[in-house]
Participant: 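Sharing a structure here in structure tokens format.
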Protein chains: 2
Amino acid sequence: MESRCENCIIRQFNSLRAMSKEELKHVSDSKITKTIKKGEPLFEEGDKLNGVYCVRNGISKLSKLSSNGKDQIVKLATKGEVLGQRSVIAEESTNLSAIAVQDMEVCFIPKESITNTLQKNPNFTLEVLRHMAHDLKEADDVIVNISQKTVKQRIAEAFLYLKNNFGEDEDGFLALTLSREDISNVVGTATESAIRIISEFKKKGLIHTSGKKIGIKDERKLMEMVEGF
Amino acid sequence: MESRCENCIIRQFNSLRAMSKEELKHVSDSKITKTIKKGEPLFEEGDKLNGVYCVRNGISKLSKLSSNGKDQIVKLATKGEVLGQRSVIAEESTNLSAIAVQDMEVCFIPKESITNTLQKNPNFTLEVLRHMAHDLKEADDVIVNISQKTVKQRIAEAFLYLKNNFGEDEDGFLALTLSREDISNVVGTATESAIRIISEFKKKGLIHTSGKKIGIKDERKLMEMVEGF
DNA sequence: TCCCAAACCTGACAATTGTCATAGAATCCC
DNA sequence: GGGATTCTATGACAATTGTCAGGTTTGGGA
């Protein structure tokens, strides 16, 4: 049974909520629901997208390959976020790859539905604009963090970010489990460095681990570390 | 004599060109032209802006203070760019400071003119959106560069950027002269490191200097350096 | 279940980068 | 024009981070 956008709660969290009933109906009629397994790409850097992806479930990393062969993760996108908007709007091929770090359920929405609405419904356009303004601010913050904080501080911050944005499971581990490599790609460092610092945090009692899973033990100390104590 | 927006060539370079005649007239009637001297701020991080600034002349750095007391320069804005859009649109206080690195002439446009048009003129909104999409892409690139390239590579890249975006003067020096500190704040490193690398580039014959002025001598080698050779 | 590849971890070392100290050069302002 | 202040430059050193080279553990598939 295919569900309708009109009834999709996810919509409440993104700019689609500014669409009119008819516009939404059109989107719903043209959308395609897809399942993406962990590790599979939604799209890759350089692809020309002919639509956007609305995330219903799961989490995707948005990353960019640098000339030294390492991926930099620029953002982690979850339920409710719309991916690929930037390139559809700018009519450019995408500058980022989107790869699932958990199994995902997404709706593909052909770009016509989006671009038509952008041209006709100022409320929708404004809503998209507000979202993009927010993303831009976040990107500025990332720039400052990455250039002015030590790797240790950035890793501490990443853990707090993961807790605040994706929560914890019943055992107190971060709900989103990333590989050490992904963690190092989020903070922009070598995998070995990330692993070493994780070990150090564990020894100091700031976190505890179980396999890949990481749990925060001393949030206050992590916060102090981020601030530079 | 106060000039009118309708006749301002600068407008051709930014989203204001998507405004209708009446809208533009309204903007022109409400705008205030200001002169900002080198080193003076247009606005500072945390300010609530009640308008945007359209740059007619000169160059401004957009920077953000990090917790360790250093500024990170996120963008250099020149003739034709509109500053403060992001915070006016998101209705938040600004996350960046804008400080003139050259004497500037700017037009202050009260936010009402902007927000009204945003709500009524989808073409304008879409144009602004496209600009912001572009800025977001640039921000992503900065993130990748800063986290994956060495300081040396980033400085080489910064020089090429300055040449491509602001040009050279008649003697072959970069038209935009930044202090060593500003350069280090662009690439996200310590001032001493920047100075040292500039000296090294000079010794290797990649650049030449005269006081604060820097000229590019071997563009090819700089480009190779950026790519990692 | 067992095996293999991938992921994780650790040590040793080198390279990069930041910090502190100091000194000369340029610039501003009275 | 001269003194103060800011900017530039360099050395010495320490801290951080990356790289290489191994090991161990883990997890998924035959």
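Numbers restart at 1 for each chain; the letters A, B, ... are given by sequence-line order, proteins then strands.
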Participant: What is the separation between atom NZ on A:K203 and atom C1' on C:dC9, rounded to the nearest whole Å?
Facilitator: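 A:K203 atom NZ is separated from C:dC9 atom C1' by 10 Å.
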
Participant: If you look at every strand shown and take non-hydrogen atoms under 4.0 Å, does A:T191 touch a base, only sugar-phosphate, or nothing?
Facilitator: nothing

Participant: Run the numbers on A:K64 and B:D141 for salt bridge (Lys or Arg N to Asp or Glu O under 4.0 Å), then give the verdict.
Facilitator: CA-CA 8 Å; A:K64 186 162 161 41; B:D141 289 341; 3.4 Å; yes

Participant: Take the protein atom CD1 of A:I195 and the nucleotide atom C1' of D:dT26, then report the distance between them rounded to whole Å.
Facilitator: 13 Å

Participant: Is the shortest side-chain N/O distance from B:S199 to OP1 or OP2 of D:dT10 below 4.0 Å?
Facilitator: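 Checking B:S199 against D:dT10: at least one side-chain N or O falls below 4.0 Å of OP1 or OP2.
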
Participant: Choose from C:dT17, D:dT17, C:dT10 the nucleotide whose nearest atom is closest to any side-chain atom of B:T150.
Facilitator: C:dT17

Participant: Ignoring hydrogens and angles, are the base of D:dG11 and the side chain of B:R196 linked by a donor-acceptor pair under 3.5 Å?
Facilitator: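 Per atom types, the contact qualifies.
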
Participant: Where the side chain of B:S193 is defined as all heavy atoms beyond and including C-beta, which of C:dG18, D:dT17, D:dT19 is the nearest nucleotide?
Facilitator: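 Minimum distance to the B:S193 side chain belongs to C:dG18.
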
Participant: Whole angstroms only, please: what is the CD1-P distance between A:I197 and D:dT17?
Facilitator: 6 Å

Participant: Among D:dT17, D:dC20, C:dC9, which is the nearest nucleotide to the side chain of A:R180?
Facilitator: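 So the side chain of A:R180 is nearest to C:dC9.
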
Participant: Given atom CD1 of B:I198 and atom C1' of D:dC7, what is their separation to the nearest angstrom?
Facilitator: 12 Å

Participant: Tell me yes or no: between the side chains of A:Q72 and A:N185, is some donor less than 3.5 Å from an acceptor?
Facilitator: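 Checked: A:Q72/A:N185 side chains show no N/O donor-acceptor pair below 3.5 Å.
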
Participant: Could you tell me the separation between the CZ atom of B:F201 and the P atom of D:dA9, rounded to a whole number of Å?
Facilitator: 14 Å

Participant: How long is the gap from CD1 on B:I73 to CD1 on A:I143, to the nearest 0.5 Å?
Facilitator: 12.0 Å

Participant: Which whole-number value in Å describes the distance from B:E200 CD to C:dT16 P?
Facilitator: 9 Å

Participant: D:dT6 P sits how many Å from B:L178 CG, rounded?
Facilitator: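 B:L178 atom CG is separated from D:dT6 atom P by 20 Å.
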
Participant: On the 0 to 90° scale, with breaks at 30° and 60°, tag the A:F166-A:Y161 ring pair as parallel, tilted or perpendicular.
Facilitator: perpendicular

Participant: Quick one: is D:dG28 close enough that its OP1 or OP2 comes under 4.0 Å of any side-chain N or O from A:K38?
Facilitator: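 Result: no.
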
Participant: Please pick, from C:dT19, C:dT17, C:dA7, the nucleotide with the shortest atom-to-atom distance to any side-chain atom of A:K212.
Facilitator: C:dA7

Participant: Expressed as a whole number of angstroms, how long is the span from B:K149:NZ to D:dG18:P?
Facilitator: 16 Å

Participant: At under 4.0 Å, does any side-chain N or O of B:K70 touch on OP1 or OP2 of C:dT19?
Facilitator: yes

Participant: Can you classify the ring geometry of B:F201 versus B:F159 as parallel (below 30°), tilted (30 to 60°) or perpendicular (above 60°)?
Facilitator: perpendicular

Participant: A:E192 side chain: which of C:dT19, C:dT10, D:dA9 is closest?
Facilitator: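 Between C:dT19, C:dT10, D:dA9, the one nearest the side chain of A:E192 would be C:dT10.
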
